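First listed ligand is number 1; within each ligand, the first listed atom is number 1. All of these numbers come straight from a predicted model, not from anything done at the bench.
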Amino acid sequence: MKEESLRTLKGIGEKTEKLFERAGVGNLNQLLHYYPRDYDSYEQTVPLGMVRDNEKNAVCGRILRQPSVKNYNHKSVTILQLEDETGKLQITWFHMPFLKSTLKRGGSYIFRGRVSMKNGRKTMEHPEIFTIAGYDEIQGQLRPIYPLTTGLTNKMVIKAVSQLLEERSLEPEYLPEEQRERLRLCEINYAIAEIHFPSDRNSLAEARRRLVFDEFFFFILALSRLKEKTETVENHFPMRAVWRTEEVIENLPYRLTDAQMGVWNELERDMTGRLLMNRLIQGDVGSGKTILAFLSMIMCCENGYQSALMVPTEVLAVQHYESLCRLLEENQITDARPVLLKGSCTQKEKREIYEKIASGETKMIVGTHALIQEKVVYRDLALVITDEQHRFGVRQRTLLTEKGYPPNVLVMSATPIPRTLAIILYGDLDISVLNELPARRLPIKNCVVGTSWRPNAYQFMEREITAGHQVYVICPMVEENEELNCENVMDYSSRLRERMPAGIRVEPLHGQMKAQKKNEIMEAFAANEIQILVSTTVVEVGVNVPNATVMLIENAERFGLAQLHQLRGRVGRGEAQSYCIFMQGDEKEETSRRLDILNRSNDGFYIAEEDLKLRGPGDLFGIRQSGIADFQIADIYQDADILKESSAAVREILELDPELKLPQNRLLSEALEHYLERQNADILL
Ligand code: ADP
Ligand code: MG
């Protein structure tokens with residue numbers, strides 16, 4: 001049943017299937033593992049006199065008067081006055097005039113929705129409606145909230161998942177019984193059912209722990225098996241150190257930092273060595289990793305080999321390609337003939353590029369995942385670099401190596417991971433740390449402010465733009481969403497456009513745009529034809545526009561600290577003073593305390609550690625900190641302890657049975673195969 005289509009479920013036709021596909025759910029198995037991102041709980045009702053602003057409340061009250069229906073700008077608004085012994089509350093709905101006859105005067109109901117001040121009056125907008133008996137039944141339950149894309153509603157996912165849970169045949173438990181008991185891990189089918197529809201907070205915590213464990217466990221298991229294969233592989237691409245790279249370093253408009261020099265020496269040594277390079281460079285945002293990648297590529301080219309630079313987004317691919325071309329030109333390196341390979345190339349363009357790669361005419365390839373598609377046949381691929389990818393997929397590497405001799409591998413990541421964890425996560429890699437920012441860089445100035453400060457922020461942005469600089473504004477959403485009360489890129493950019501003087505060009509950018517459009521906007525921003533870029537977190541990774549000096553992050557409370565730190569890294573990349581304004585959209589004390597950590601420090605390691613301390617290990621359902629899609633439910637910071645347990649468990653099993661050939665590990669070995677297949681599928685998306 002695993003790979004069966006969603007269409008086998010009742011109520012899912014072609015259209016709905018497409019919606020699910022867009023959210024990355026293409027078959028029943030993926031649906032089963034499409035975990036909620038949060039849970040909503042039906043809490044006890046609060047007296048009207050005690051409702052909390054800007055939060056969801058459930059209230060119970062009597063209806064004073066028959067609801068009235070008014071029309072504003074073609075919108076019909078139903079208005080209701082609710083009352084209890086402690087106070088009154090106004091409730092409104094848009095486009096639901098029929099409520100007028102359903103909600104009777106004198107009747108008592110329960111309403112559940114967000115309360116805010118509207119025209120000086122406490123108002124609940126668009127709440128759910130329950131009878132008192134109906135609410136009684138569900139009170140205390142946790143309702144899943146799924147990650148959604150346009151058109152896909154939470155209700156649709158809930159319906160599909162509950163049907164699937166009822167009808168599916170159970171999975172065999174693949175973890176050895178003895179180990180499962182010792183580690184106090186619940187059974188896998190129980191975990192899956194509870195993660196979707198938890199009975200209570202405790203079982204949810206248990207379910208989550210098991211699934212996090214599994215996620216780490218299979219990752220480490222796959223890694224350990226790979227490690228044996230790659231650890232002592234001979235390098236089939238003998239290389240010498242070359243003068244060219246020394247010249248390039250001499251010609252740079254800046255001096256490499258000592259840290260950069262140190263790592264460059266390591267790379268040179270690796271690539272001239274007898275064994276294959278497998279190295280991770282860990283360096284905070286702005287530490288200057290890109291130039292090291294370029295130098296390695298030049299060294300390969302001088303030795304007559306090909307190299308490929310892989311990145312997660314097309315925006316970043318274009319940017320890297322252009323800076324690489326510039327660097328080659330400045331140094332009159334003409335034999336590299338770099339190509340840019342990206343998903344949005346036409347078939348014809350792709351074919352031409354593939355030919356150039358196959359013939360060996362081109363020596364440098366920059367691109368997104370499309371790079372590893374089966375059609376690409378490399379001539380002499382001696383080096384693969386992945387930037388901002390955090391990790392080179394276990395399968396990606398094997399895919400590439402199937403086409404020739406295995407290449408040297410260099411992974412570059414800005415994610416600050418404590419060394420003990422890095423050793424587990426990157427078990428198969430040597431680690432270099434770039435622990436120094438280029439000199440002449442002024443530290444970013446930060447502030448955390450409430451939304452009432454927005455006019456000042458705009459004035460400040462205008463001033464910086466007048467001085468020739470540029471601004472990023474980050475919003476958590478692409479479009480308006482009635483359930484979530486937060487800023488979105490589309491509305492925000494039109495509002496800002498009106499607010500700013502005519503000479504300032506404001507443009508939106510988000511992940512749902514066509515790749516071509518995204519590239520155009522990024523290029524125009526890089527050329528300072530756009531002064532304010534209003535964007536989602538698509539600019540989070542790697543984007544480099546040193547002339548941008550201000551970043552304003554709206555609804556900062558909605559992002560993890562590590563992610564905010566990554567975002568902030570888009571400014572402070574040039575010599576001018578840069579600023580980051582964290583706009584706090586809620587008034588929670590806890591948020592202020594978390595954001596203050598960013599305010600105090602620009603050091604990614606410090607931030608990750610402090611954040612962990614503040615949250616404590618009990619906080620299971622907070623925002624995922626790493627903001628990296630590698631793990632679906634696990635979080636390397638928050639779940640560091642489970643990570644260590646998984647690692648120990650893998651070691652134990654492999655010590656007894658390195659090939660997973662013993663009968664007691666048969667199910668496990670099958671589960672590992674499934675895991676690898678899933679990984680593979682992800683990569684080829
Ligand atoms: P990251 O490590 O975040 O990928 P980049 O490689 O994009 O950082 O570098 C950020 C900026 O710093 C780029 O504009 C780059 O040209 C510049 N840069 C890199 N190394 C140095 C250096 N040693 N001195 C000054 N500027 C540098
Ligand atoms: Mg980078």
Apply side-chain hydrogen bond (donor to acceptor under 3.5 Å, both in side chains) to Asn251 and Glu330, showing your working.
-> CA-CA 8 Å; Asn251 282 342; Glu330 281 163 8; over 6 Å; no
Short N or O distance, Gly288 and ligand 1, threshold 3.5 Å exclusive | yes
More than 12 foreign heavy atoms under 6.0 Å from CZ of Arg379: is that the case here?
-> no
Report, in ascending order of atom number, the atoms of ligand 1 lying under 4.0 Å from any heavy atom of Val285.
-> 3 (O)
For Arg600, look at atom CZ and say whether over 12 heavy atoms of other residues, nucleotides or ligands are found less than 6.0 Å away.
-> yes
Here the atoms of ligand 1 under 4.0 Å from any heavy atom belonging to Thr257 are 23 (N)
Are the side chain of Gln260 and the backbone of Gly288 linked by a donor-acceptor contact shorter than 3.5 Å?
-> yes
Here the atoms of ligand 1 under 4.0 Å from any heavy atom belonging to Gln260 are 19 (C), 20 (N), 22 (C), 23 (N)
Could you tell me whether the side chain of Asp335 reaches within less than 4.5 Å of the side chain of Lys363, counting heavy atoms only?
-> no
Would you mind listing which atoms of ligand 1 come within a distance below 4.0 Å of any non-hydrogen atom of Arg255?
-> 22 (C), 23 (N), 24 (N)
One finds that the ligand 1 atoms under 4.0 Å from a non-hydrogen atom of Ser287 are 2 (O)
Do any nitrogen or oxygen atoms of Gly286 come within less than 3.5 Å of a nitrogen or oxygen of ligand 1?
-> yes
Output yes when a side-chain donor or acceptor of Glu557 lies under 3.5 Å from a complementary backbone atom of Gly585, and no otherwise.
-> yes
What atoms in ligand 1 come closer than 4.0 Å to a heavy atom of Thr290?
-> 4 (O), 5 (P), 6 (O), 7 (O)
